[in-house]
Structure formats: C-alpha cells, structure tokens
Amino acid sequence: MNDLTNRKAIPRCRIIGVLDDGKASLSEIALQHLAQADVVIGAERTLALFDDLMSAQAIRRPLKGALTAVPEFIRVALADDMRVVVLATGDPLMYGIAGYLAAHLCVDALEVIPNVSTIQLACARLGMPWQEMKLCSVHSRDAGEWQRGSDARHGMYGLLQQMRQAARLAVLTSPQNSPDRIARMMLAEGMQDGWHIAVCEHLCLPDEQVYSELSVAEAAQMQFAEPNVMLLWRSEQKQETVMFGLPDLAYQQRQPEKGLITKQEVRAVSLARMQLRTDSIVWDIGTGSGSVGLEAARLCRNGHVYAVEKNAADVEIANANWRTAAVSNYSLIHSKAPEGLSDWPSPDAVFIGGSGGELAQLIHLCLEKLRPGGRLVMNFVTLENLAAATGVLSESGCEWDVLMLQASRSKPILDMHRMAAENPVWLVCAAKEA
C-alpha cells in the first residue's frame with residue numbers, strides 16, 4: 001500500500017517549506033502530503049494562500065499566539081493517527097519552526113521537507129554569494145525604536161552585535177523590526193558610512209521589488225512592503241581594533257585635571273584579574289572616562305557592560321570615548337551608585353573605580369549580585385579606602401587578596417632618559433564561591 005494512503009505507516013508530522021508563489025513552490029510529494037492532511041498548522045496568511053490545496057475537512061490551526069501549545073497538539077493528533085502538516089516559509093530549519101518542534105517532540109515524529117530560503121532568493125536576485133554571510137533574524141517582541149545603550153532585551157540587539165563583527169549580513173526582518181528601523185539604528189550608532197543595503201520585497205510574487213545598493217540614510221527614510229529580506233555589506237574591509245591596553249592618550253580625559261583615568265598598566269591588570277569571558281556580564285561602577293568598561297566590552301563581544309558615573313562632566317567624556325570605541329554591548333547611566341543597579345542583570349565581574357562614599361554598601365551589594373565564581377576588582381589610591389574595603393571583605397568571609405602596582409615610565413632628560421614613577425595603586429580582588 002502507498003505510504004501516503006496508509007495512515008498507520010505515517011507516524012510523522014510533515015513540516016513543509018513554502019514560498020509565496022503557492023503551488024509552484026511545492027514538490028509533488030509535498031502537494032500530496034498537504035492534500036491528504038487531517039490537520040494543517042501555519043501562519044494565517046500561509047493557510048489562506050494554500051487553502052484550496054487542502055481537504056475541505058482538514059482542520060486549519062493558525063500559529064499566531066499559540067506556538068507553545070503546538071507541540072502538545074501535534075503529539076495528541078499523531079497519537080490519534082491524524083496526518084499533520086506544518087507550513088513554514090522557506091527552509092523550516094533556518095530561523096523556522098522546525099527547530100522549535102524538534103526541541104519539544106521526538107525527532108522521529110518529524111519529517112522536514114525544506115524549500116529554498118528567502119535569503120537564498122534575495123541573494124540570487126542580486127547575484128551575491130551567501131556562503132560567508134552572517135544570517136540573522138529580528139523576529140522578536142517589538143521593543144520600539146533603537147535607543148543607544150539598549151541591551152539584549154531589545155529585539156535588534158543581536159543584529160547590531162553581528163554588524164560590528166561581520167562584513168556581510170542577511171536579515172529576516174519583521175513588520176516591527178523593519179529595514180527602515182534597522183537603518184535608523186545604524187544612524188544612531190554612527191554606522192552610516194561604509195555600508196550598502198539591499199531590500200527584496202514580495203519575493204516570488206508578481207509585484208516583487210528589489211532595491212539594491214541603498215545608502216543607510218536612504219533606507220532609513222523609506223517604507224518597505226511586507227514580507228521582505230534585507231542584505232547588508234561593507235563597502236570596504238573592516239579594520240580590526242586593539243582589544244585592550246590602549247594608551248592613555250587614546251581616551252578623552254577630564255580637563256584641566258588631565259590624567260584622571262585608570263592608567264594603562266593598572267587597566268590591563270584589572271581586566272586580567274576580572275577573569276572575563278566572551279559572554280561575561282560586567283558592571284563598571286564609577287566609570288570615569290570609561291576606559292576599563294569600554295575595553296571590557298571589546299573583550300566580552302557576546303556579553304554586555306553596564307557602566308554608571310555620578311559626575312556629569314565625566315559622563316559626557318565617557319560618552320565621547322564610547323563613540324570612538326565603536327562598541328554596542330555597552331550601557332551608560334548618569335547616577336550615583338547603587339541607584340540604577342537594581343535594573344541590571346547579575347554580573348560575572350564587577351569593577352569599582354569610584355565609590356562616591358558608598359564603598360561598604362557597594363561591596364555588599366556586588367558580592368550579593370555576583371554570579372557564582374564571579375570576580376570583584378577595586379582600584380584604590382588612598383590608605384583609607386584600602387582599609388575600608390579589606391575590612392568589609394574580611395567580615396564577608398569571601399576569598400580576597402590585594403595587589404599593589406607602582407609603574408615607572410621613562411621620560412627624556414636632556415639627551416638621556418630617566419624613570420618617572422606613577423602613583424601606587426592597590427588592586428583589591430575578591431572572588432565569589434563557585
């Protein structure tokens with residue numbers, strides 16, 4: 001007996017990739033599965049597009065607002081020997097529902113019948129190879145227009161992080177996180193130069209439209225028809241930057257008191273003692289010029305740095321250094337710690353460069369919020385703050401140590417050089433038990 005007509009021989013849910021040209025996008029086997037399905041699941045627009053290819057008795061189940069219930073619904077339907085088909089756009093395993101269902105159902109209960117992805121189609125329209133493209137999706141909760149300093153709770157955060165690193169990207173957009181909104185995010189981040197944009201609308205439909213080589217400014221002012229795919233590529237090779245240990249003069253500093261910055265040598269050792277990973281969450285309290293936090297952001301490219309500074313002039317300087325650093329995994333607030341810290345996620349590492357007179361309270365808070373195995377690193381130049389910090393740490397019972405750094409730098413004197421000592425700095429380091 002033919003497998004398609006033997007109900008007992010079909011224990012699987014078929015996930016079929018479809019395109020907007022309807023029947024023309026499906027293979028003969030996919031058409032048979034769809035025609036014989038007892039249950040068809042998909043987006044309302046997709047169900048309507050393929051309605052005449054389904055049995056009149058087939059149950060149509062829209063996905064909108066019901067995704068979490070779909071695995072159990074499929075499990076029950078298969079147990080009742082019902083033929084189940086899920087319709088998904090393009091390749092169901094590329095930012096599609098197939099991966100979600102595979103994580104919630106036995107893999108043997110699924111059969112994926114893929115199609116050409118809309119990203120492949122967009123690249124084909126532009127004759128652009130896509131094997132080296134970074135593929136991204138911004139199908140997520142609408143968090144509004146991008147605000148500089150937003151973190152991973154914004155639906156476009158991951159895309160922006162990839163744009164900082166990749167040379168070519170293909171983006172599956174959404175009605176909310178549209179190409180024009182993405183372009184406005186690029187403008188807000190100072191990324192308007194050196195990028196080309198293409199947008200492909202209504203692929204496989206009679207009114208298909210391809211906009212090629214738009215500037216960021218042009219795309220930010222346009223409205224694009226849904227659905228669409230966005231391609232971005234750099235017009236020149238990305239220049240790699242120094243990760244950490246930048247010279248002090250690379251940063252703007254407070255005037256006329258130039259030099260109020262965590263010096264290069266101390267900065268490097270402080271970052272080393274923080275034991276950062278690429279995905280670390282970092283708090284930078286009393287950020288000053290922002291040098292430590294900004295270098296931490298470069299090292300933690302898949303993490304995020306949250307910085308706070310109470311001095312308005314220093315906030316302005318840190319903002320300027322932030323723009324120069326060209327990092328997007330960084331947030332800066334103007335406040336006096338611990339105000340504002342309660343909204344931040346628990347950190348893997350904390351750096352305290354200034355306490356604003358709240359040192360004991362900050363140490364207790366940081367030790368409480370640190371994730372297991374996290375590190376607290378503090379810089380002090382006065383004996384009083386050193387004594388206060390070690391006293392609090394001793395009472396807390398955590399593991400801690402003190403490192404004193406006193407660097408000397410060569411300076412010219414006549415036709416020779418002498419060594420000029422920098423002020424000694426104490427690094428107080430504490431570790432939270434893993």
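On a predicted model such as this, the values are computed, not experimentally measured, just so you know.
Taking 4.5 Å as the limit, some side-chain heavy atom of Met82 sits within range of a side-chain heavy atom of Ile59. Using a 4.5 Å heavy-atom cutoff, the side chains of Leu121 and Leu19 are in contact. Using a 4.5 Å cut-off on side-chain heavy atoms (C-beta onward), Gln264 and Glu295 make no contact. Between Met274 and Phe351, some side-chain heavy-atom pair lies under the 4.5 Å cut-off. Within the 4.5 Å cutoff, no side-chain heavy atoms of Leu299 are placed close to those of Val282. The side-chain heavy atoms of Val269 and Arg273, taken from C-beta on, include a pair separated by under 4.5 Å. Contact of the Pro92 side chain with the Pro114 side chain is registered, since non-hydrogen atoms from C-beta on lie closer than 4.5 Å. At least one side-chain heavy atom of Met191 sits less than 4.5 Å from a side-chain heavy atom of Arg164.
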Give the intermediate values and the outcome of side-chain contact (heavy atoms from CB on, under 4.5 Å) for residues Glu213 and Trp233. CA-CA 9 Å; Glu213 296 206 38; Trp233 64 98; 3.8 Å; yes

Run Leu160 and Trp146 through side-chain contact (heavy atoms from CB on, under 4.5 Å) and show every step you take. CA-CA 10 Å; Leu160 181 58; Trp146 176 261; 3.4 Å; yes

Verdict with supporting geometry, Cys429 and Leu403, side-chain contact (heavy atoms from CB on, under 4.5 Å): CA-CA 8 Å; Cys429 308; Leu403 172 68; 5.6 Å; no

Evaluate the criterion side-chain contact (heavy atoms from CB on, under 4.5 Å) for residue pair Met230 and Ile182; output intermediate values, then yes/no. CA-CA 9 Å; Met230 185 179 190; Ile182 293 170; 3.7 Å; yes

Worked verdict on Arg254 versus Asp314 for salt bridge (Lys or Arg N to Asp or Glu O under 4.0 Å): CA-CA 7 Å; Arg254 194 192 305 174; Asp314 285 336; 2.5 Å; yes

The test is salt bridge (Lys or Arg N to Asp or Glu O under 4.0 Å); show your working for Lys238 and Glu240 and say whether it passes. CA-CA 6 Å; Lys238 178 181 180 290; Glu240 295 298 334; 3.7 Å; yes

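We find the CG-CH2 distance between Leu214 and Trp195 to be 14.5 Å, quoted to the nearest 0.5 Å. Remark: Glu189 CD to Arg323 CZ distance equals 7.5 Å, nearest 0.5 Å.
Checked by atom type and distance alone, the side chain of Tyr251 never pairs as donor or acceptor with a backbone atom of Leu246 at under 3.5 Å. At least one donor-acceptor pair under 3.5 Å links the side chain of Asn329 to the backbone N or O of Ala297.
In this structure Glu111 satisfies the side-chain hydrogen bond (donor to acceptor under 3.5 Å, both in side chains) test together with Arg14, sequence neighbours excluded. Not counting sequence neighbours, the partners of Ser117 by the side-chain hydrogen bond (donor to acceptor under 3.5 Å, both in side chains) test are Gln120. Remark: Asn311 pairs with no residue by the side-chain hydrogen bond (donor to acceptor under 3.5 Å, both in side chains) rule, at least two apart or across chains. Not counting sequence neighbours, Glu201 has no partner by the side-chain hydrogen bond (donor to acceptor under 3.5 Å, both in side chains) test. Under the ring-ring contact (aromatic ring centres under 6.0 Å, His included) criterion, Tyr211 pairs with Phe224, not counting sequence neighbours. Shown here are the salt bridge (charged side-chain N to carboxylate O under 4.0 Å, His left out) partners of Asp20, two or more places apart in sequence or in another chain: Arg45.
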Ignoring hydrogens and angles, write down the donor-acceptor pairs under 3.5 Å from the side chains of residues 149-159, residues two or more places apart or on other chains.
| from | atom 1 | to | atom 2 | distance (Å) |
| --- | --- | --- | --- | --- |
| Ser150 | OG | Gln147 | O | 2.6 |
| Asp151 | OD1 | Arg153 | N | 3.1 |
| Asp151 | OD1 | Arg153 | NE | 3.0 |
| Asp151 | OD2 | Arg153 | NE | 3.2 |
| Asp151 | OD2 | Arg153 | NH2 | 2.6 |
| Asp151 | OD2 | Tyr306 | OH | 2.9 |
| His154 | ND1 | Met156 | N | 3.1 |
| His154 | NE2 | Gly144 | O | 2.9 |
| Tyr157 | OH | Gly303 | O | 3.2 |
| Tyr157 | OH | His304 | ND1 | 2.7 |

Please report, to 0.1 Å, the donor-acceptor pairs under 3.5 Å made by any side chain of residues 67-75, with sequence neighbours excluded.
| from | atom 1 | to | atom 2 | distance (Å) |
| --- | --- | --- | --- | --- |
| Glu72 | OE1 | Arg75 | NH1 | 2.4 |
| Arg75 | NH2 | His104 | O | 2.8 |

Return a table of donor-acceptor pairs under 3.5 angstrom between the side chains of residues 360-380 and protein atoms on other chains or two or more places apart.
| from | atom 1 | to | atom 2 | distance (Å) |
| --- | --- | --- | --- | --- |
| Arg371 | NE | Ser346 | O | 3.0 |
| Arg371 | NH1 | Asp348 | OD2 | 3.4 |
| Arg371 | NH2 | Ser346 | O | 3.4 |
| Asn379 | ND2 | Ser270 | OG | 3.3 |

Could you go through residues 169-179 and list every donor-acceptor pair under 3.5 Å that involves a side-chain atom there, pairing it with any protein atom two or more places apart or in another chain?
| from | atom 1 | to | atom 2 | distance (Å) |
| --- | --- | --- | --- | --- |
| Thr173 | OG1 | Asn228 | O | 3.0 |
| Thr173 | OG1 | Asn228 | OD1 | 2.6 |
| Ser174 | OG | Val138 | O | 3.4 |
| Ser174 | OG | Asn177 | N | 3.0 |
| Asn177 | OD1 | Arg181 | NH1 | 3.1 |
| Asn177 | ND2 | Val138 | O | 3.0 |
| Ser178 | OG | Asp180 | OD1 | 2.7 |

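Using cut-offs of 30° and 60° for the angle between ring planes, the Trp344 and Trp283 rings count as perpendicular.
Minimum interatomic distance between Arg298 and Ala325 (heavy atoms only, all atoms of both residues): NH2-O, 3.4 Å. Smallest separation of non-hydrogen atoms from Leu294 and Val327: CD2-CG2, 4.0 Å. Residues Ala431 and Cys398 share a closest heavy-atom pair of O-CB, 3.9 Å. Heavy atoms only, all atoms of each residue included: Ala388 and Leu359 are closest at CB-CD2, 4.1 Å. Ala88 and Ile97 make their closest contact through CB-CG2, 4.0 Å (heavy atoms, listed as atom of the first residue, atom of the second, distance). Between Val292 and Asp284, the shortest heavy-atom distance links the atoms C-OD2, 4.4 Å.
The stretch residues 418-428 participates, sequence neighbours left out, in no side chain to side chain donor-acceptor pair (under 3.5 Å) pair at all. Sorted by first and then second residue, the side chain to side chain donor-acceptor pair (under 3.5 Å) pairs with a member in residues 123-134 read Arg125-Glu208; sequence neighbours excluded.
Results of the side chain to side chain contact (heavy atoms under 4.5 Å, CB included) test with Ile41 over Val84, Val85, Leu101, Thr46 single out Val84 as the only residue that passes. Screening Asp343, Thr287, Val308 against Ile333 for a side chain to side chain contact (heavy atoms under 4.5 Å, CB included) leaves a single residue, Val308.
Counting non-hydrogen atoms of other residues, nucleotides and ligands closer than 6.0 Å to CD of Glu399 gives a total of 12 or fewer. No more than 12 heavy atoms of other residues, nucleotides or ligands sit less than 6.0 Å from atom NZ of Lys310. Counting heavy atoms of neighbouring residues, nucleotides and ligands inside a 6.0 Å radius, atom CD of Glu44 does not exceed 12 of them.
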